[in-house]
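When reading the values below, keep in mind they use all heavy atoms of this one structure, side chains included, and skip hydrogens, waters and symmetry mates.
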Amino acid sequence: MRILVVGGAGYIGSNAVRGLINQGNEVVVLDALYTGHRKAVDPQAKFYQGDIENKFLVSQILRNEHIDAVMHFAAYSLVPESVKKPLKYYDNNVSGMIALLEAMKDAGVNYLVFSSSAATYGIPKQLPITEDSPTEPINPYGETKLMMEKIMHWADQADGIKSIALRYFNVAGASSDGKTGEDHAPETHLIPNILKSAVSGDGKLTIFGNDYDTKDGTNVRDYVEISDLVDAHILALKHLMTTNKSDIFNLGTAHGYSNLEILQAACEVTGIDIPYTMGPRRGGDPDSLVADSTKARTILKWQPQHENVQEVIASAWKWHQTCPNGYDD
Ligand SMILES: O=c1ccn([C@@H]2O[C@H](COP(=O)(O)OP(=O)(O)O[C@H]3O[C@H](CO)[C@@H](O)[C@H](O)[C@H]3O)[C@@H](O)[C@H]2O)c(=O)[nH]1
């Protein structure tokens with residue numbers, strides 16, 4: 001199959017590109033390189049630099065490259081940034097999805113796997129969260145992802161574009177060959193920030209808030225390992241093309257770790273007593289997000305292989321030690 005991976009130079013997209021190639025697919029990448037890294041893209045993929053909002057370019061690539069299906073990772077994804085710059089998020093994320101679907105309609109490409117988020121749920125009424133839980137996002141990022149899902153739904157109704165939205169919980173870890181890891185600018189994610197502090201010893205790590213309604217007062221998250229996440233995308237695409245039916249799946253492990261538990265696990269993995277400051281709450285953080293992924297396990301036959309959070313942190317730690325400045329080395 002020939003797959004277009006939009007946003008294929010980012011953390012999750014670049015890992016998906018490798019996974020697709022390893023499974024015998026031909027991959028074309030489109031990435032604007034606003035947040036992604038050219039060096040992260042597997043050299044076996046054909047690369048175009050460009051913006052998802054350029055629907056003429058996307059349509060041309062879909063036609064000229066004889067694309068069968070699209071995976072979409074080209075959205076802004078930082079919760080705190082979205083709270084500070086909501087218009088940037090609505091503009092890029094929502095407009096990007098509209099342009100992509102218009103280009104797919106124009107080129108007659110009817111299959112889309114989309115990187116959605118647990119942030120679509122907001123503050124869950126019960127844990128673990130199933131796909132039919134209410135979707136009431138509490139930050140602009142989560143709301144843009146929900147809007148994108150809704151746009152996909154109506155594009156299916158009107159134009160027959162079939163799609164699967166994968167609602168990820170917190171993705172973490174690096175590839176086992178050490179080639180691709182997590183490198184955002186600015187870095188706002190917990191595990192990379194903890195490990196950066198471990199490498200630099202700068203003592204700049206802040207844990208945001210210890211007055212949440214959780215076991216130790218810090219936020220609880222469900223960490224899903226990057227290669228397990230990529231496997232789910234490939235299974236989802238096969239399922240979509242077999243059933244021709246749009247759907248939504250959670251991807252997580254059903255294990256919730258508090259921010260302090262993650263810090264403790266990182267201290268154990270690295271052997272470093274990582275200093276931190278307890279700071280005030282960061283805007284837009286729900287207390288706890290833990291996935292019920294029974295649906296993905298049953299229907300997609302998804303079997304995550306890396307549910308031990310220490311193992312996930314260990315792979316990220318290997319990457320951070322090798323590339324302390326990310327892809328800028
Ligand atoms: O330096 C830091 C960074 C983060 N946190 C906290 O760590 C937790 C996790 O934060 P982060 O790693 O930024 O992830 P989330 O905000 O939970 O968002 C992630 O998880 C979502 C789904 O749960 C995804 O959709 C998003 O794309 C992804 O950024 C939160 O409580 C943060 O406040 C800190 O305390 N200190």
Side-chain angles (χ1 to χ4, degrees), residues 1 3 5-27 29 31 36-37 39-45 69 71-73 77 113-118 164-184 189-192 194-195 221-240 249-255 257 262 265-266 269 291 293-323 326-327:
M1 257 196 306
I3 320 281
V5 179
V6 189
Y11 167 47
I12 300 172
S14 62
N15 278 282
V17 168
R18 281 173 203 273
L20 285 164
I21 291 172
N22 288 344
Q23 293 213 6
N25 297 289
E26 290 169 10
V27 177
V29 171
D31 198 299
H37 300 268
K39 280 189 219 164
V41 180
D42 190 309
Q44 292 176 72
M71 285 193 185
H72 176 7
F73 301 93
S77 63
V113 174
F114 169 56
S115 157
S116 188
S117 170
I164 286 185
L166 297 173
R167 290 181 178 159
Y168 321 153
F169 285 62
N170 289 51
V171 188
S175 64
S176 53
D177 61 9
K179 285 188 179 161
T180 46
E182 190 170 3
D183 180 21
H184 300 105
H189 290 98
L190 181 62
I191 293 178
I194 290 175
L195 297 178
R221 295 288 181 270
D222 178 342
Y223 291 85
V224 53
E225 196 266 343
I226 183 73
S227 68
D228 286 336
L229 188 90
V230 168
D231 287 348
H233 284 74
I234 297 171
L235 291 169
L237 182 57
K238 284 183 189 149
H239 178 76
L240 180 64
F249 295 91
N250 284 343
L251 298 177
T253 66
H255 305 296
Y257 294 94
I262 291 294
V269 167
S293 301
T294 309
K295 189 175 168 189
R297 289 171 198 253
T298 318
I299 297 178
L300 301 180
K301 309 271 182 291
W302 181 50
Q303 291 179 315
Q305 304 293 314
H306 308 87
E307 300 205 29
N308 175 333
V309 82
Q310 292 216 355
E311 191 194 321
V312 177
I313 294 172
S315 73
W317 177 229
K318 194 168 139 194
W319 154 260
H320 278 274
Q321 284 173 295
T322 321
C323 308
Y327 290 105

Do you know which two heavy atoms are closest between A45 and V17, and how far apart they sit? CB-CG1, 3.9 Å

Taken to the nearest 0.5 Å, the spacing of L251 CG from L229 CG works out to 5.5 Å

Within a strict 4.5 Å, meaning less than it, do heavy atoms of the Y257 and L190 side chains meet? no

Donor-acceptor pair, side chain of K318 and main chain of S176, under 3.5 angstrom: yes

Kindly determine whether H306 and S227 satisfy side chain to side chain contact (heavy atoms under 4.5 Å, CB included), including the steps that lead there. CA-CA 9 Å; H306 308 87; S227 68; 3.4 Å; yes

Rounded distance (nearest 0.5 Å) linking atom CZ of F114 with atom CD1 of I164: 13.5 Å

Flag, side chain of D42 to backbone of Q44, donor-acceptor distance under 3.5 Å: yes

Give the C-alpha distance, both sets of side-chain angles, the deciding distance and a yes or no for side chain to side chain contact (heavy atoms under 4.5 Å, CB included) between D31 and V41. CA-CA 10 Å; D31 198 299; V41 180; 6.0 Å; no

CG on L20 to CG on N15, rounded to 0.5 Å: 11.0 Å

Taking the side chain as every heavy atom from C-beta outward, state whether K301 and K238 have any atom pair closer than 4.5 Å. no

If I take atom CH2 from residue W319 and atom CD1 from residue I226, how far apart are they, to the nearest 0.5 angstrom? 12.0 Å

State, to 0.1 Å, how close A174 and G181 come at their nearest heavy-atom pair, and which atoms those are. CB-CA, 3.9 Å

How many angstroms lie between CE in M71 and CD1 in I12, if you round to the nearest 0.5 Å? 12.5 Å

Restricting to non-hydrogen atoms, name the atom on I313 and the atom on A265 that form the minimum distance, rounded to 0.1 Å. CD1-CB, 3.8 Å

Would you say the ring centers of H233 and Y168 fall short of 6.0 Å from each other? yes

Check: H189 ring centroid to Y11 ring centroid under 6.0 Å: no

Would the distance check show the side chain of N250 and the main-chain N or O of S293 forming a donor-acceptor pair, the cut-off being under 3.5 Å? no

Taking it one step at a time, do H255 and V309 satisfy side chain to side chain contact (heavy atoms under 4.5 Å, CB included)? CA-CA 9 Å; H255 305 296; V309 82; over 6 Å; no

According to the interplanar angle, ranging from 0 to 90°, do the rings of F249 and H239 count as parallel (below 30°), tilted (30 to 60°) or perpendicular (above 60°)? perpendicular

Any D228 side-chain heavy atom under 4.5 Å of W302 side chain: yes

Please report the interatomic distance OG(S315) to CD(E182), rounded to the nearest 0.5 Å. 10.0 Å

What is the minimum heavy-atom distance between G252 and A291, and which atoms define it? CA-CB, 3.7 Å

Atom CD of Q303: over 12 foreign heavy atoms under 6.0 Å: no

I need the minimum non-hydrogen distance between A266 and I194, along with the two atoms involved. CB-CG2, 3.5 Å

If I compare all heavy atoms of V224 with all of T253, which pair ends up nearest, and what's the gap? CA-CG2, 4.3 Å

One pair to check against side chain to side chain contact (heavy atoms under 4.5 Å, CB included): I3 and L237. What are the steps and the verdict? CA-CA 10 Å; I3 320 281; L237 182 57; 3.4 Å; yes

